[in-house]
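In what follows, chains are A, B, ... by sequence order, proteins preceding strands, each numbered from 1. Only a predicted model underlies this, so the values are computations on that prediction, with no experimental measurement involved.
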Amino acid sequence: MEYKFQEIEARWKQYWKDNQTYKVSNDTSKQKCYVLDMFPYPSGAGLHVGHPLGYIATDIYSRYKRLKGFNVLHPMGFDAFGLPAEQYAIQTGQHPATTTEVNIARYMEQLDAIGFDYDWSREVRTSDPKYYQFTQWIFIQLFHSYYNNAAQQAEPITDLVATFAKEGNIKTNAASGKISTFTAEEWNTYSEKQQQEILMEYRLAYLKYGDVNWCPALGTVLANDEVKDGVSERGGHPVVKKSMRQWFLRITAYAQRLLDGLDTVDFAESLKEQQRNWIGRSEGASVQFNVVGRDEKIEVFTTRPDTIFGATFLVLAPEHLMVAEISTNIAAIEEYKAYVQSRSERDRQADVKTVSGAFTGAYAHNPFTGENVPIWIAEYVLMGYGTGAIMAVPSDDDRDNAFATKFGLPIIDVIDKSDHPGATRSDKLGKMINSGFLDGLEVPAAISLMCRKVEEMGIGKGRVNYRMRDAGFSRQRYWGEPFPVIYKDEMPYTLPEKELPVNLPDVESFKPTGDGDSPLARNTDWVNHPDGPRETDTMPGYAGSSWYFLRYMDPQNGGFFVGKEAVDYWQDVDLYVGGAEHAVGHLLYSRFWHKFFFDKGWVPTQEPYKKLVNQGMIQGRSNFVYRIQGTNEFVSLELKDQYETTALHVDVNIVENDVLDTEAFRNWLEEYADAEFILDNSKYVCGWEVEKMSKSKWNVVNPDIVIEKYGADTFRMYEMFLGPIEQSKPWITNGLDGVHKFLRKFWRLFYTENGLEISDEAPTPAELKVLHRTIKKIQDDVERLSFNTCISAFMIATNELTDLKCRKRAILKELTILLAPFAPHIAEELWQNALGENGTVVYAPFPKFDESVLVESNFNYPVSINGKVRATIDFPLDYTEDQVKPEVLANEQVQKWLEGKDPKKFIFVKGRIINLVI
RNA sequence: GCCCUGGUGGUGGAAUCGGUAGACACGCAGGACUUAAAAUCCUGUGAGCAGCAAUGUUCGUGCGGGUUCAAGUCCCGCCCGGGGUACCA
């Protein structure tokens, strides 16, 4: 009897549906296990073979945990707001809600085809008003909170108001923007607007001015992704920075907790490192420099206060507020600022070859050398970091050095590094020289002495700085969550909860308004709220994805974003799998939100994810055809160099083994209908390249085709067989046949041409050994998420049992359970129809591993001589070095290499190796 | 530029703790069955050298150094690919 996967898979999909096999209840009598995937953005290209890599891994893990007796939550949903749907809407006029709906339906179909164990009744989608009413509600809570630095937690802004009315802000220790101190009396005389402006500096969600990529020609704000080389990707129009009033979240208040929290979670060390670097904690000092001849002071942040005697000039970010005030070189400064405006922040940091800047004409007084040092502006100083101003020490900083060299500014050596050969300029090593009272000190001592000194002098203080900046939370777009905010007297006020959700209104056109407002501004009926005009920006993509995993715990709760009972049971995510591209963005934002929720007492844990694994990216393997320029003639790969050609992407679905189906090519796109071909060996061979899988590169492979041809079980196992999930790799179908063959071979352990043949005989020791070795391997490897090695363990077991002609129920039953997480359809078929078990295999008990079956008494020792294996000799495992040595030395091969001499060294590692040094 | 990460046969990969490099597959070559094909099964397969052969031997985990009895694995320096770099998701 043959393995008819199509029939089998259809049957059990229906069975699981009819029996609601995957329905998850908040059953508190069982131990919970929460397994989570990063939910997908439903793109128009459909789910491609890269998406399921992580999903299959978590599906296997969740099914495995279920066999182990856990109550497993493994949900799925959709990150449904986003830019592509909006761009598609602009092109076609179709409402993003409509296309998103269609795309989600397609995704769900594709996901179901793979046979995942999702409980769809728990599905969330971020664009659903029932969901985003809570995203809006959370925003309101952030708005009405501030961060108490002393208590290290978020607290209600009303507490702050009460404090201000009583004692002003003199004693307030809170995360804030720039704010001067005021007394209670002053506070009480402030107008409502003035008070609101002050509170804005403390709120966790607040308004301030920030730069956006502005494209005047398109009349719209562009995402970084839409800007290439300083011009818009569409149309190639110039892009400049423009300052706009926007929402921000005060994530910097949580910087230290986000950093400390990393020590408590099980993430890959590399990922923690990325987050640490992103947060970028550095200790240093802020120091004030007086501007010569003026009343102004410039505050710089430096991690190297020890080098201040070598500070021969100051550099301000071109955007620094002081620039306009102090500049006398106005023309040069304006010209330079115009240049910087056209440069992206990334270019400014990445481009170290171009050294550029402009002299303001002003000088500052170096409080230690007493010299007047020139004040420059340069693009390498960023307004968002530190104070937006640095003291330049060309002797100990590479960029300062390049700058000084280019502009002929003085360089004073302040550190003697002669005791540290090989130390680079910025290493904190060496002895101070030319530095007054610091001379002779080692760098670390000089740093702390200088910190004390500037504090004594009242011109600065030791300070911790974070590279991380507050998170921009406004988008001038349509397809996102509207803010629950109206304005009165230019200050924002949140709408009452009963007005939630603030539904995304219809608009006449999704096109940009031309003046930077979001398309929502077009709907004036909607904008004109009785209490004041509404905020027309929308929230960014990460708003909805910062808390979605909590919603799965309690998806129908209409009153609160997640019920206490539900979250007390499910707690946090035990295993989270997703792409490394989210390492700092989504993962940091959601950790921040979660800590805020914790502060408010809504969740029981400080961290949302216990364990996190990054899956690698499945890259596409693009194919190319070569068109002879100016013709519609295409030349095969080997012959292309004889012509002037243009390489063009060709749909990989009409190419097999790099050979183009020329007929299909003519039918593919209209422009190729009359294509001619120059063949090589009567074949058209395409070129290829590994690239990111994307619609525009025509290299998207959908799982549907594979599933149709081989079945979902083969697809699942093949994706796992490709390699470790953390690793990126191109999609190649080379091994598909092998995996499919394995399933057929497994099937033949149950069925022959004569039909079902299972014996009830007792298994032999050899057969038991195969089984228990496999149980152990699968158990260990699933726990460490090494799924590719599981597949080969299954193959080995199946090959061995085939050789042993084993058809015994006792063995096959256990193996079927082991296989069930990987290939659930065939396992269910074999479980219920071949083995005749009652009920589903999904909740069967995981086989118990019996170590005694595997105990070996002997080990075949490799005997190496000078590190090269020359012989193997079998010894009992309990033998000691003394028992082994005589026989090893007497061995014929060993004798040959010893040439009569005694070995210099005899190394015996029990159960591993014997090594002789001669 | 900066941060993170990867590089092992013709291909995907295995080697979990510094201990027999290449498990398991794909592909390829040869063979069995078959009118033929599919399916299935068997044998071989890192490279070089010697040998009719069994086998022996040298080299071999991106490149160059180092530590060690022993290095794919640890350390230093380099080359190349991938991801992120704050409005793609």
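- In this structure, Lys611(A) forms no cation-pi arrangement with Phe267(A), as its terminal cationic atom is not both closer than 6.0 Å to the ring centre and no more than 45° off the ring axis.
- Residue-level contact check: Pro724(A) touches the backbone only, with heavy atoms under 4.0 Å from sugar-phosphate atoms and none from bases.
- Residue pairs that meet the side chain to side chain donor-acceptor pair (under 3.5 Å) test with at least one member in residues 905-918 of chain A, sequence neighbours left out, are Ser864(A)-Asn915(A).
- Among the heavy atoms of the strands, none lies under 4.0 Å from Val863(A).
- Across A15(B), C59(B), A86(B), the shortest atom-to-atom separation from the side chain of Thr789(A) is found for A15(B).
- Among the protein residues, Glu273(A) comes within range of the sugar-phosphate backbone only, with heavy atoms under 4.0 Å from sugar or phosphate atoms but none that close to a base.
- Residue-level contact check: Arg744(A) touches the backbone only, with heavy atoms under 4.0 Å from sugar-phosphate atoms and none from bases.
- Taking only side-chain atoms of Phe721(A), from C-beta outward, the nucleotide of G27(B), C3(B), C24(B) with the closest atom is C24(B).
- Aromatic pair Tyr132(A)/Phe81(A): centroids less than 6.0 angstrom apart.
- Contact check of residues 902-910 of chain A against RNA chain B (heavy atom, cut-off under 4.0 Å) returns Lys905(A), Ile907(A), Val909(A).
- Within 4.0 Å of Asp781(A), counting heavy atoms only, lies at least one base atom of the nucleic acid.
- Looking at Asn277(A), its side chain does come within 3.5 Å of a backbone N or O of Glu273(A) through a donor-acceptor pair.
- Aromatic rings of Phe592(A) and Tyr254(A) (six-membered ring for Trp) have centroids within the 6.0 Å cut-off, being under it.
- Heavy atoms of Arg276(A) sit nowhere under 4.0 angstrom from any nucleic acid atom.
- Residues Arg469(A) and Pro730(A) both approach RNA chain B. Their nearest nucleotides, taken by heavy-atom distance, put Pro730(A) toward the 5′ side.
- Across all strands, Glu345(A) comes closer than 4.0 Å to no nucleic acid atom at all (heavy-atom distances).
- A cation-pi geometry, defined here as NZ or CZ lying under 6.0 Å from the six-membered ring centre and within 45° of its normal, does not hold between Arg716(A) and Phe822(A).
- When heavy atoms are screened at a 4.0 angstrom cut-off, Gly541(A) is found touching no nucleic acid atom at all.
- At the heavy-atom level, Ser545(A) lies nowhere under 4.0 Å from the strands shown.
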Secondary structure of RNA chain B in dot-bracket form (Watson-Crick or G-U wobble, distances below 3.5 Å, | marking inter-strand pairs): (((((((..(((......[....)))((((((.......))))))(((((....)))))..(((((..]....))))))))))))....

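- Applying the 90° cutoff around 0 to the glycosidic angle, C17(B) is assigned syn.
- In this structure, CD on Glu379(A) lies 4.0 Å from CZ on Arg343(A), to the nearest 0.5 angstrom.
- On the P atoms, U16(B) is 24 Å away from C26(B), given to the nearest whole Å.
- Nucleic acid contact class of Gln246(A) (heavy atoms, under 4.0 Å, all strands): base.
- Note: His740(A) and Tyr710(A) meet the aromatic proximity criterion, with ring centroids under 6.0 Å apart.
- Here G9(B) is in the syn range [glycosidic angle within 90° of 0].
- Looking at the side chain of Asn224(A), the nearest of the listed nucleotides C4(B), A86(B), A23(B) is A86(B).
- Heavy atoms of Met468(A) sit under 4.0 angstrom from at least one base atom.
- Among the heavy atoms of the strands, none lies under 4.0 Å from Glu226(A).
- Note on Val739(A): nothing from the nucleic acid sits closer than 4.0 angstrom, heavy atoms only.
- Heavy atoms of Trp747(A) sit nowhere under 4.0 angstrom from any nucleic acid atom.
- Candidate nucleotides C3(B), G19(B), G1(B) were compared by shortest atom distance to the side chain of Ala350(A), and G1(B) ranks first.
- Asn915(A) has no side-chain polar atom (N or O) that falls below the 4.0 Å cut-off from OP1 or OP2 of G19(B).
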